[in-house]
Number of protein chains: 2
Amino acid sequence: MKQAPETATGTPATLWDRTRQMASQEILDTALRLFTEQGYDETTIAQIAREAGVSQRTLFRYFGAKEDLLGGDQDRFWQVLADTVGAQPADAGVWEALRAGVAAVLALHDSRAQALERFRLLHNTASLRAGWLEKRLRFQEGLLPLVEARMGVAAGRPDPRARAVIATVFACLDAASMTWVDNGGKGDLMDLYDECLAAVRG
Amino acid sequence: MKQAPETATGTPATLWDRTRQMASQEILDTALRLFTEQGYDETTIAQIAREAGVSQRTLFRYFGAKEDLLGGDQDRFWQVLADTVGAQPADAGVWEALRAGVAAVLALHDSRAQALERFRLLHNTASLRAGWLEKRLRFQEGLLPLVEARMGVAAGRPDPRARAVIATVFACLDAASMTWVDNGGKGDLMDLYDECLAAVRG
DNA sequence: CGACTACTTGGCAGTGACTGCCAAACTGCT
DNA sequence: AGCAGTTTGGCAGTCACTGCCAAGTAGTCG
């Protein structure tokens with residue numbers, strides 16, 4: 001399992017990489033379909049593997065856990081968010097910088113419908129939500145230095161403020177997306193996010 | 001498994017209730033001890049059951065899941081928080097009301113040392129944290145009407161603001177308790193909470 | 001006191017997610 | 001073609017958790 005030397009053309013170089021790519025996509029599509037059709041908890045790994053045409057063992061090699069089958073490549077999301085935040089001008093405030101990052105990630109979704117379906121599953125399935133929150137929290141910790149630098153915190157005494165700001169941003173994103181899902185995907189998620197932040201920050 | 005008809009004296013009426021109480025406490029103590037000694041993931045249900053002197057089956061009847069073995073009676077925490085918020089004067093703002101609830105819950109811990117140990121396990125164990133966050137999110141939803149009433153939201157169009165406020169409060173509590181743990185339990189948690197909220201709300 | 005009921009317990013088998021291990025199949029390079 | 005490195009599938013095993021059933025124990029009524 002080496003790095004995939006992605007060429008600039010978008011087509012991976014070797015057959016292996018192409019096969020991996022296809023298998024991965026097939027598994028992801030099958031999983032999302034089954035989750036949507038019969039629910040997350042009611043879908044077993046065995047079933048996904050069978051319908052995707054791979055062994056369970058291979059499925060677990062591609063995706064380390066069942067929850068990773070939803071939400072596609074989350075690492076990419078986090079990467080984009082962190083990069084975007086880092087790329088904001090130095091004189092931009094934390095809130096603006098983070099807002100830009102959130103916007104960049106939301107723009108990453110394939111389609112509005114697919115995004116809605118993902119969020120719906122995420123918010124309605126306890127077991128999924130748990131894992132998702134956990135993963136996100138880990139990312140929040142990773143984001144910490146980036147935000148701390150922007151806030152100019154003293155390195156000596158531990159300062160909770162950066163953590164609080166990051167956590168609040170995600171809290172607002174949660175509130176916004178939950179309301180969005182409850183509302184059947186009507187309106188713009190980013191508007192809801194702004195509304196949440198306004199409610200919090202006065 | 002009926003309601004325990006707790007008498008005013010604090011001593012449960014029947015032998016059954018007393019036995020249940022003792023078994024429950026024994027399990028909880030054993031679990032916390034083992035978790036602390038060897039870590040959450042490294043401790044199996046079988047081991048806890050063995051050392052607590054009950055069968056696995058019985059253990060699962062008392063506590064539905066492994067994560068419930070930490071944090072004792074969380075339902076009580078939530079109950080206290082909700083009650084306290086509800087008991088705040090009508091003219092108190094949402095933020096003050098929620099702050100009072102948070103303070104009430106934090107005051108519930110047996111000892112500072114035990115609270116620190118619980119938080120430490122919670123923040124350092126991924127699998128635990130996941131379940132905890134999930135449970136909390138469910139509680140947040142339960143708190144929603146209480147907060148909405150206090151904010152005077154219109155019933156018609158779904159409004160994300162109440163959710164955002166609640167989520168932000170917990171986000172700050174998270175940031176505060178994580179920093180508290182990182183700092184070895186020095187200082188007052190409530191002060192850190194206030195600092196977080198100040199950083200967020202300007 | 002004895003019987004009858006209600007509740008609790010423990011064991012057992014089973015499910016489902018997930019991991020380590022090993023042999024077989026396959027790709028890429030010479 | 002032939003070797004080396006990579007991927008795959010199957011198998012057995014671990015662990016959390018559940019349903020089921022038989023046996024034990026507490027409470028109650030005659």
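For the numbers below, each heavy atom of this structure counts, side chains included, while hydrogens, waters and symmetry mates do not.
Distance CZ (R18(A)) to P (dT27(C)): 11 Å, rounded to an integer number of Å. One atom, CD of Q47(A), and another, C1' of dC18(C), lie 18 Å apart when rounded to the nearest Å. As a whole-Å value, the separation of F60(B) CZ from dC15(D) P is 12 Å. Across the protein-nucleic acid pair, Q56(A) atom CD and dA17(C) atom P stand 8 Å apart, rounded to whole Å. With rounding to whole Å, E26(A) atom CD is found 14 Å from dT8(D) atom P. Protein atom CG of D17(B) is 11 Å distant from nucleotide atom P of dT9(C), rounded to whole Å. Nucleotide dT8(C) holds its P atom 14 Å from the CD atom of Q21(B), rounded to whole Å. If you take CG of D68(A) and P of dA17(C), they are 14 Å apart, rounded to a whole angstrom.
Counting only distance, with no hydrogens or angles, the side chain of T168(B) and the backbone of A164(B) share a donor-acceptor pair below 3.5 Å.
No contact: S127(B) has no heavy atom under 4.0 Å from any strand.
For K66(B), counting side-chain heavy atoms from C-beta on, the closest listed nucleotide (dG9(D), dC18(C), dC17(D)) is dC17(D). Closest to the side chain of R20(A), from the set dC17(D), dG9(D), dT8(D), is dT8(D). Closest to the side chain of A65(A), from the set dC18(C), dA16(D), dG10(C), is dC18(C).
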Quiz prompt | Base-contact (B) and sugar-phosphate-only (S) positions in nucleotides 20-25 of chain D, heavy-atom cut-off under 4.0 Å, - elsewhere | solution = B----B

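Considering only heavy atoms from C-beta on, L144(A) comes within 4.5 Å of E141(A) through its side chain.
A salt bridge links R136(B) and D174(B); the closest N-O separation between the charged side-chain nitrogens and carboxylate oxygens is under 4.0 Å.
Legend: residues meeting ring-ring contact (aromatic ring centres under 6.0 Å, His included) with Y40(B), ordered by chain and number and at least two apart, are F35(B).
Both T19(B) and Y40(A) lie near DNA chain C, and the one whose nearest nucleotide falls closer to the 5' end is T19(B).
Between H109(A) and F119(A), the ring planes are tilted. Angles from 30° to 60° get that label.
A side-chain N or O of Q79(B) and one of D83(B) form a donor-acceptor pair less than 3.5 Å apart.
The shortest distance between the side-chain N/O atoms of Y62(B) and the OP1/OP2 oxygens of dT9(C) is below 4.0 Å.
For the pair Q140(B) and A167(B), the tightest heavy-atom approach, listed with the atom from each and the gap, is NE2-CA, 3.6 Å.
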